[in-house]
Amino acid sequence: MSATVLNGLVLAGGRSTRMKRDKAGIEYAGRPQLERAMELITPLVDGRAFVSVSAEQRGDPQRSAYATIADLTSNLGPIAGIQAALHARPADAWLVLACDLPFLGPATLRHLIEQRARGRLATAYRSRFDGRPEPLCAIYEPASRASIEAWIAAGETCPRKWMSRNDVALLDLPEQRALDNVNTAQEYQEASASLGVAGGDAISGASTLPQRRRVNVRYFALLREQAGRGAEALQTDARTPQELYAQLQRDRGLQLAPQFLRVAVNDEFGDWLQPLSDGDTVAFLPPVAGG
Amino acid sequence: MNRFSLQERALEPARLLEQLRHPSCGGYVAFEGAVRNHNEGRAVLRLEYEAFAPLALREGERILAEACARFGLERASCAHRVGALQIGELAVWVGVGAAHRGEAFDACRYIIDHIKHSVPIWKKEYYEDGDSGWVNCEHCAAAPDSHESTPAPHPHRAHGHS
């Protein structure tokens, strides 16, 4: 066993221009995201948990309730927070977490810690959408510091690209939805409804629409571009994938005719007419073109 | 031992073949699929692969297992790239090991054909004229009058290979 201390770092440094409000303060289940993320990470690390902040956010009351680490460089995005943490405690490893992952629970973080590859630069999950590394729920080893600093010095800022090009161990997600993101206000409303809080249809619509179920939809390739998103959680009264697709053609402007598509339910090829259950994940697959 | 994998980084055929070797094999056949600079008469600059990873891995493994059973292979393996690729880069590698050459040739062909046909991996081509398109998807639009409430066809999908 290595004696390297593992600290926690919650990234809340962004100014969240897409959400039109400060992401750290958005609430799921009545608690601000930042508070939820800190409560999640603190018991799992053997060191301390910190909030990553930009230099301008240093005095923000919500953030300064916690120990903070300020970016050394402005306008670089999340990689600046990771760099600052590795710089502040160069002998320690860091469990880095974005604050806007409403579906993330402790099991996914525990699995990451258990499977951590200490001899590599970092350990991360593969995206369930494209198989690429998820840099904002990952463990960065002390040895990653030099590589990340060189990366920034070379003018690069994308932590996902850094992970793709370096010696990073990649794991499959034990809980499929755990890292689904919430980046627009609409996705936020749908995610809240899916969690059964904040006036979502799961509560208010239950008596009048007993047929409604919560499903997760995944889009790939041309359908992803047409839908303008890779995934969403929604309430639907569609009983089958066929009915769901007809609804999404209308609501999301999907242009592909269903006879060209295959359907997958819960990561297996499925049937257009199979009954949908609450919590199912449905994917519509355009014609494939591997090789 | 079968192994289907999705890879972010450049494929290394020598290493993949080395992992395939086994004393019971008398013949090995490998197929290398590379990114071509043209498709259907259009000059291609680069492309991107996207995969539905959990299902792609399962379906890839299923094809390899089926090929092993059907051709009596000792070994079969396939690695497929995801992400952005440049012209000339390897997109897919298939390797098989069998007691004799006949099954090895046949099985390799069988595997690559089935992988192209059913593994959920998509390819987006970027063309010299600035356009781009998802291979095999661009002719699949629903007829505009078949869904009365559907808006007019998406403008940036209006092009075709015609």
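Chain letters run A, B, ... following the sequence lines, proteins first, then strands; residues in each count from 1.
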Honestly, the part of B:F52 sitting under 4.5 Å from a heavy atom of chain A is both
Of A:Q226, A:Q247, A:E232, the one forming a side chain to side chain donor-acceptor pair (under 3.5 Å) with A:R252 is A:E232
The interface call for B:E59 against chain A, heavy-atom contacts under 4.5 Å, is side chain
Turns out that what part of B:L6 lies under 4.5 Å from chain A's heavy atoms comes down to neither
Just checking, B:R81 and B:Y49: is the charged tip under 6.0 Å from the six-membered ring centre and within 45° of the axis? no
Under 3.5 Å side-chain donor-acceptor pair for A:W162 and A:S147: yes
Problem - A:R239 backbone acceptor or donor facing A:E243 side chain under 3.5 Å - result: yes
Ring pair (Phe, Tyr, Trp, His ring centres under 6.0 Å) with A:F284: of A:F269, A:F260, A:Y245, only one passes, and it is A:Y245
Check whether any side-chain heavy atom of A:L101 lies under 4.5 Å from a side-chain heavy atom of A:D180, and answer yes or no. no
The interface call for B:V119 against chain A, heavy-atom contacts under 4.5 Å, is backbone
Applying a strict 4.5 Å limit to non-hydrogen atoms, the region of A:R128 in contact with chain B is backbone
If one checks every heavy atom of A:L261 against chain B at 4.5 Å, the contacting part turns out to be neither
When the 4.5 angstrom heavy-atom criterion is applied to A:R126 and chain B, the contacting part is neither
